[in-house]
Peer 1: 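Sharing a structure with you now.
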Number of protein chains: 2
Amino acid sequence: MARTKQFDEEVMLNNAMLFFWHKGYNGTSPQEILDELKLSRSSLYDTYGDKRSLFISALKRYRSSVTVEIIEFLASAENIPEALKTLFQRTKAQCFVGEEKRGCFMVNSKVELAPHDEEVAAIVKENREALENAFTAAIKRGQEKGQLSKDNPPRSLARFIMNNLWGLSVHSKSGADKKVFDDIIRITLSVIK
Amino acid sequence: MARTKQFDEEVMLNNAMLFFWHKGYNGTSPQEILDELKLSRSSLYDTYGDKRSLFISALKRYRSSVTVEIIEFLASAENIPEALKTLFQRTKAQCFVGEEKRGCFMVNSKVELAPHDEEVAAIVKENREALENAFTAAIKRGQEKGQLSKDNPPRSLARFIMNNLWGLSVHSKSGADKKVFDDIIRITLSVIK
DNA sequence: AATATAACGGAACTTTTGTTCCGCAAATAT
DNA sequence: ATATTTGCGGAACAAAAGTTCCGTTATATT
């Protein structure tokens with residue numbers, strides 16, 4: 001009955017996310033998105049609504065892919081210290097793509113927008129809580145298995161871990177080299193052991 | 001010979017800094033600055049140059065006031081664990097002004113701009129290095145005085161401390177309550193003791 | 001093959017952004 | 001008091017941002 005889209009909606013949303021990740025919300029113009037995605041203006045507006053809607057969709061997509069992946073990884077981990085180490089190494093790697101200091105899309109977005117956009121603030125908050133719960137559960141299991149020290153409550157440790165993961169995102173924007181990351185990761189992990 | 005300015009250049013720069021802190025660089029228009037500072041367009045452009053120059057001046061001002069204050073505080077501290085605790089408490093307090101999730105101006109700025117603006121990247125990098133050196137020196141003194149554990153090299157600990165301070169800035173944008181801050185601060189400080 | 005429906009290309013338009021410019025006003029130094 | 005210089009108010013403007021609209025094109029269904 002009707003013409004089909006000449007692009008994959010999910011792929012394009014992912015590309016838009018990468019671009020917002022790269023340049024931020026206010027730093028990105030519709031024209032740049034069109035050029036980057038090689039999409040026509042009307043296709044973009046018909047499919048995703050206005051710029052802000054597109055951004056919100058991108059942020060939700062991050063939540064349902066990257067965040068979900070971390071949560072599932074933690075939920076299925078047997079060796080918790082090992083799993084945490086892996087997450088820190090991955091974060092370190094993903095903070096940089098080539099020479100670009102990209103940090104984390106969720107961190108970038110909340111720093112730029114959370115104080116002024118209630119919807120962003122809500123997504124960001126839910127994301128934080130979901131991650132905190134996932135870390136808490138994993139750390140609790142690790143403590144019960146005797147893999148982690150019981151010096152601190154699981155939830156406190158979860159918050160501490162997340163604080164350091166997010167700190168790395170900021171460090172990646174600060175011109176810090178990889179050795180800085182290694183120092184931080186080593187000391188952070190030594191706390192929970 | 002000539003008319004005098006009807007405003008205090010430093011006070012206005014400080015107000016501009018607070019506004020950029022509040023709304024970010026790309027989120028702030030010249031018009032908003034004029035309204036906020038109650039300044040005429042020509043006064044603003046004559047005094048500070050264009051918007052970007054004003055922003056750079058604001059960032060440098062932060063460097064030479066807030067950062068310098070921290071460095072001097074660390075340099076003159078006798079009781080290092082106490083001094084670090086004070087810095088964390090201050091950071092916690094300054095992350096919020098009323099209900100606003102303001103974070104840290106340097107952190108906000110680097111997350112938004114460092115990857116795309118070389119001058120910002122340079123300021124941010126120098127700021128990081130200066131702070132790292134100040135923390136390193138203070139921690140070294142603390143270790144020599146027997147106030148701090150020698151389990152880790154001073155510079156590694158300095159990086160770890162800064163990572164947690166910056167992490168708090170991100171946490172303030174995430175809808176975390178004060179209890180989250182307290183957990184993080186308690187565990188972070190327990191590492192160095 | 002015809003038809004209905006949605007996608008696409010791009011013109012067009014409104015607002016906002018970021019800046020410059022000009023004429024008048026005010027204060028200082030003589 | 002006057003001349004000189006700088007500051008100020010605001011008009012004006014070019015460019016970009018953000019969005020809408022419309023005519024054409026393609027395709028899935030009948």
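As a basis for the values below, the full set of heavy atoms in this structure was taken, side chains included, without hydrogen atoms, waters or symmetry mates. Sequence lines set the chain letters: A, B, ... in the order given, protein chains first and strands last, and positions in each chain run from 1.
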Peer 1: Is a side-chain donor-acceptor pair under 3.5 Å present for A/K110 with B/S174?
Peer 2: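 Short answer, yes.
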Peer 1: Can the ring centres of B/F181 and B/F96 be said to be less than 6.0 Å apart?
Peer 2: yes
Peer 1: Let me know the distance between CG of A/N26 and C1' of C/dG18, rounded to the nearest Å.
Peer 2: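 My rounded result for the distance is 15 Å.
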Peer 1: Specify the separation, in whole Å, of atom OH of A/Y45 and atom P of C/dA7.
Peer 2: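 To the nearest whole Å, that distance equals 17 Å.
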Peer 1: Below 4.0 angstrom from OP1 or OP2 of C/dC8, is there any side-chain N or O of A/S43?
Peer 2: yes
Peer 1: Does B/Y62 have its ring centroid less than 6.0 Å away from the ring centroid of B/F55?
Peer 2: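 That pair fails the under 6.0 Å test.
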Peer 1: Between B/D46 and A/Y25, which residue's closest nucleotide on DNA chain D lies nearer the 5′ terminus?
Peer 2: B/D46
Peer 1: For the pair made of CE in B/M12 and C1' in D/dC8, what is the distance, rounded to whole Å?
Peer 2: 13 Å
Peer 1: Are the aromatic ring centres of A/F135 and A/F73 under 6.0 angstrom apart?
Peer 2: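 Between A/F73 and A/F135, which both carry aromatic rings, the centre distance is not below 6.0 Å.
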Peer 1: Rounded off to whole Å, could you give me the CD-to-C1' distance for the A/Q6 and D/dA28 pair?
Peer 2: 14 Å
Peer 1: How many Å lie between CG on A/L44 and P on C/dG10, as a whole number?
Peer 2: 16 Å
Peer 1: Can you say whether a donor on the side chain of A/R3 sits under 3.5 Å from an acceptor on the base of D/dT25, or the other way round?
Peer 2: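 Present.
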Peer 1: Are B/M106 and B/V68 connected into the same hydrophobic cluster when the rule is that any two of I, L, V, M, F, W, Y join if their side-chain heavy atoms are below 4.5 Å apart?
Peer 2: no
Peer 1: Can you see if the side chain of B/S40 gets near the phosphate of D/dG9 - specifically, an N or O under 4.0 Å from OP1 or OP2?
Peer 2: yes
Peer 1: Judged by modelled atom types alone, do A/T136 and A/N133 share a side-chain donor-acceptor pair under 3.5 Å?
Peer 2: no
Peer 1: Looking at D/dG7, does its base get a donor-acceptor pair with the side chain of B/S42 below 3.5 Å?
Peer 2: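 Counting by modelled atom types and ignoring angles, no donor-acceptor contact under 3.5 Å is found here.
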Peer 1: In residues 28-37 of chain B, which ones come under 4.0 Å of DNA chain C, going by heavy atoms?
Peer 2: B/T28, B/S29, B/P30
Peer 1: In whole angstrom, give the distance that lies between atom OH of B/Y48 and atom P of D/dC8.
Peer 2: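 Result: 10 Å.
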Peer 1: Rounded to the nearest angstrom, tell me the gap between atom CG in B/D8 and atom P in D/dG7.
Peer 2: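 It works out to 14 Å between those atoms.
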Peer 1: I'd like to know whether NZ of A/K193 has more than 12 heavy-atom contacts from other residues, nucleotides or ligands below 6.0 angstrom.
Peer 2: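 Counting other residues, nucleotides and ligands, NZ of A/K193 stays at 12 neighbours or fewer.
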Peer 1: Over all strands shown, is A/T4 touching base, sugar-phosphate only, or nothing at heavy-atom distances under 4.0 angstrom?
Peer 2: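 Sugar-phosphate, no base atom in range.
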Peer 1: To the nearest Å, how far apart are A/L39 CG and C/dG10 C1'?
Peer 2: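 The distance from CG of A/L39 to C1' of C/dG10 comes to 14 Å, rounded to the nearest Å.
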